[in-house]
Amino acid sequence: MKILIRATNWVGDAIMALPALRAIRGRFPGAKISILARPYVADIYRGQSICDELISYDPKGAHAGIGGRERLAQELRKQKFDVALLLQNAFDAAWIAWRAGIPERVGYARDARSLLLTKKIPVPKRGEIPAHEQFYYLELLRRADWINSLPGESFVTLDVSEEHRCQAEETLLSAGARPNAIRIAIGAGASYGSAKCWPADRFADFVNRFRGHADPDVILFGTASEQKVSEEIAAGMNGSSISLVGKTAIAALPELLSRCHLFVGNDSGAMHVAAAVGLPVVAIFGPTDPHGTAPITPRCTVVQEKPYCSPCFLRRCPIDHRCMMSVRPEAVEAAARAWLRSAEVASG
């Protein structure tokens, strides 16, 4: 059997879907499984033993426009897949699978795509499944009769090879990191929108408070679009920082974060990657709900203040950003110190 899985589009969602992907691999050990994914998601999935093939879908490049999508569909048609499982919710995912001539197309019946699906799965209603997003993908498999129960995981991992860890260490040392220093990774961005973002001056205040007790290397991570906020954080710090903002590809994020000791940041893809490579995480939540999207790890402290309007799930706050403005740097600093103290005790 040949299975095509359409992956989710966001890095955080892609990691929360890993329990479902591993369940599929376990359910069909002899199948050829291909994952169709955006390039950056394909990079995250590479080397994770969840599929036989990663197929890049680049709607801003090679597959732009109707013509690009049609070319992709025809390329997929040549592979003669037996079934397509759509973890991605959009109409586009079903349209490509239909145009590829895949005879069985399984997905949630949403986004006006039911006519393109051969197995239309009802979207779970509130309270029917556990709140965390990993169960949303697992429930799709259960309702499709691919699994019998919801094997939720308490710790979702990304494998990082020793070779890649060594390469990442060299990258960090070349950027100015010290070999034996504590390394705090800061993720101040969030692709979803500015409402998820703790203000730059609060990040700087947190670092300054932490540096009153320790001398860590502070490493700023983010995309090129987050350069401004990273510069504002660095300008407000006492002492230096190392910026990898806009300098590394998402593919390198797991290995680089694996060489750090703690992640502090917003609800973002980087937060999920950090958790999956084993870092303790201090996750700052505001307009989103940690019951649904907290990183899947026991090594996480969520810092959140909840005004009446949270969670609103808006990309941009229409009022005064009170959910994030009310998160105090001293609360984040206390959570960070607790995790590093526990790591020191564990290491003897």
Test item: Val245 and Thr223 side chains (from C-beta on) under 4.5 Å apart, heavy atoms: no

Derivation of the side-chain contact (heavy atoms from CB on, under 4.5 Å) call for Thr248 and Leu253: CA-CA 8 Å; Thr248 56; Leu253 193 56; 5.7 Å; no

Lys/Arg-Asp/Glu bridge criterion (N-O < 4.0 Å) met for Glu169, Arg165: no

Euclidean distance, Ser241 OG relative to Ile184 CD1, rounded to 0.5 Å: 12.0 Å

Arg69 side-chain N/O to Ala64 backbone N/O, donor-acceptor pair under 3.5 Å: no

Common cluster, Leu173/Leu256, ILVMFWY with side-chain heavy-atom separation under 4.5 Å: no

Intermediate values then yes/no, side-chain contact (heavy atoms from CB on, under 4.5 Å), Arg27 and Ile24: CA-CA 5 Å; Arg27 172 66 176 82; Ile24 296 168; 5.6 Å; no

Any donor-acceptor pair under 3.5 Å from Lys78 side chain to Glu75 backbone: no

Connected via hydrophobic side-chain network under 4.5 Å: Val302 and Leu262: no

Short side-chain donor-acceptor distance under 3.5 Å, Ser326 and Glu305: no

Sidechain-backbone polar pair: Asp58 side chain, His63 backbone, donor-acceptor under 3.5 Å: no

Polar side-chain atom of Asn238 near backbone of Gly212 as donor-acceptor pair, under 3.5 Å: no

Test item: Gln79 side-chain N/O and Phe81 main-chain N/O as donor-acceptor pair under 3.5 Å: no

Side-chain (Arg113) to main-chain (Asn89) donor-acceptor, under 3.5 angstrom: yes

Exercise: identify the closest heavy-atom pair between Ile147 and Leu138: CD1-O, 3.5 Å

Residue pair Pro130 / Leu150: nearest heavy atoms and the distance that separates them: CD-CD1, 4.1 Å

Close side-chain approach of Leu18 to Leu158, heavy-atom, < 4.5 Å: yes

All side chain to side chain donor-acceptor pair (under 3.5 Å) counterparts of Asp82, not counting sequence neighbours: none

Neighbour count above 12 (heavy atom, 6.0 Å) for Leu115 CG: no

Heavy-atom check, side chain of Ile186 versus side chain of Val218, under 4.5 Å: yes

Val277 to Pro254 - nearest heavy-atom pair and separation: CG1-O, 3.6 Å

Derivation of the side-chain contact (heavy atoms from CB on, under 4.5 Å) call for Asp267 and His272: CA-CA 8 Å; Asp267 175 17; His272 287 281; 4.2 Å; yes

Verdict with supporting geometry, Glu153 and Gln134, side-chain contact (heavy atoms from CB on, under 4.5 Å): CA-CA 8 Å; Glu153 299 183 18; Gln134 67 167 311; 4.2 Å; yes

Nearest heavy atoms of Lys306 and Ser310, plus distance in Å: CE-O, 3.7 Å

Output field: ring centroids Tyr108/Tyr136 closer than 6.0 Å: yes

Pairs involving residues 10-32, ordered by first then second residue, that meet ring-ring contact (aromatic ring centres under 6.0 Å, His included) (sequence neighbours left out): Phe28-Trp146

Closest non-hydrogen atom pair, Thr118 against Pro103: CG2-O, 3.4 Å

ILVMFWY cluster, Leu86 and Leu116 together (side-chain gap under 4.5 Å): no

Separation of Asp205 CG from Met237 CE (nearest 0.5 Å): 11.5 Å

Electrostatic pair Glu139-Arg142, nearest N-O below 4.0 angstrom: yes

Within 6.0 angstrom of His213 NE2, more than 12 heavy atoms from elsewhere: yes

Same cluster (ILVMFWY, side-chain, under 4.5 Å), Leu244 and Val229: no

Spacing of CD belonging to Glu170 relative to CD belonging to Gln167, to within rounding of 0.5 Å: 7.0 Å

Side chain Asp217, main chain Arg178, donor-acceptor under 3.5 Å: yes

Pairwise distance NZ(Lys80) to NZ(Lys2) - rounded to 0.5 angstrom: 9.0 Å

same_hphob_cluster(Leu279, Val264) at 4.5 Å side-chain heavy-atom cutoff: no

Side chain proximity check, Ser56 to Tyr40, heavy atoms < 4.5 angstrom: no

Short N-O contact, Arg143 and Glu128, less than 4.0 angstrom: yes

Gln227 side chain vs Gly246 backbone, donor-acceptor pair below 3.5 Å: no

Donor-acceptor contact present, side-chain Thr297 to main-chain Arg299, <3.5 Å: yes

NZ/NE/NH1/NH2 to OD/OE distance under 4.0 Å, Asp43 and Arg46: yes

No-hydrogen, no-angle side-chain donor-acceptor test under 3.5 Å, Tyr57 and Arg6: no

Value rounded to 0.5 Å, distance of NE2 in His164 from OG in Ser258: 10.5 Å

Asn148 CG: over 12 foreign heavy atoms closer than 6.0 Å: no

Spatial distance of atom CD1 (Ile50) from atom CD1 (Ile35) [nearest 0.5 Å]: 4.0 Å

Any Asp92 side-chain heavy atom under 4.5 Å of Asp111 side chain: no

Closest non-hydrogen atom pair between His261 and Pro280, with its separation: O-CD, 3.3 Å

N/O donor-acceptor pair under 3.5 Å between Ser268 side chain and Met271 backbone: yes

Note, Cys51 side chain near Tyr45 side chain (heavy atom, < 4.5 Å): no

Flag side-chain contact, heavy atom, 4.5 Å: Ile233 against Leu220: yes

Side-chain touch Ile219/Phe263, heavy atoms, less than 4.5 angstrom: no

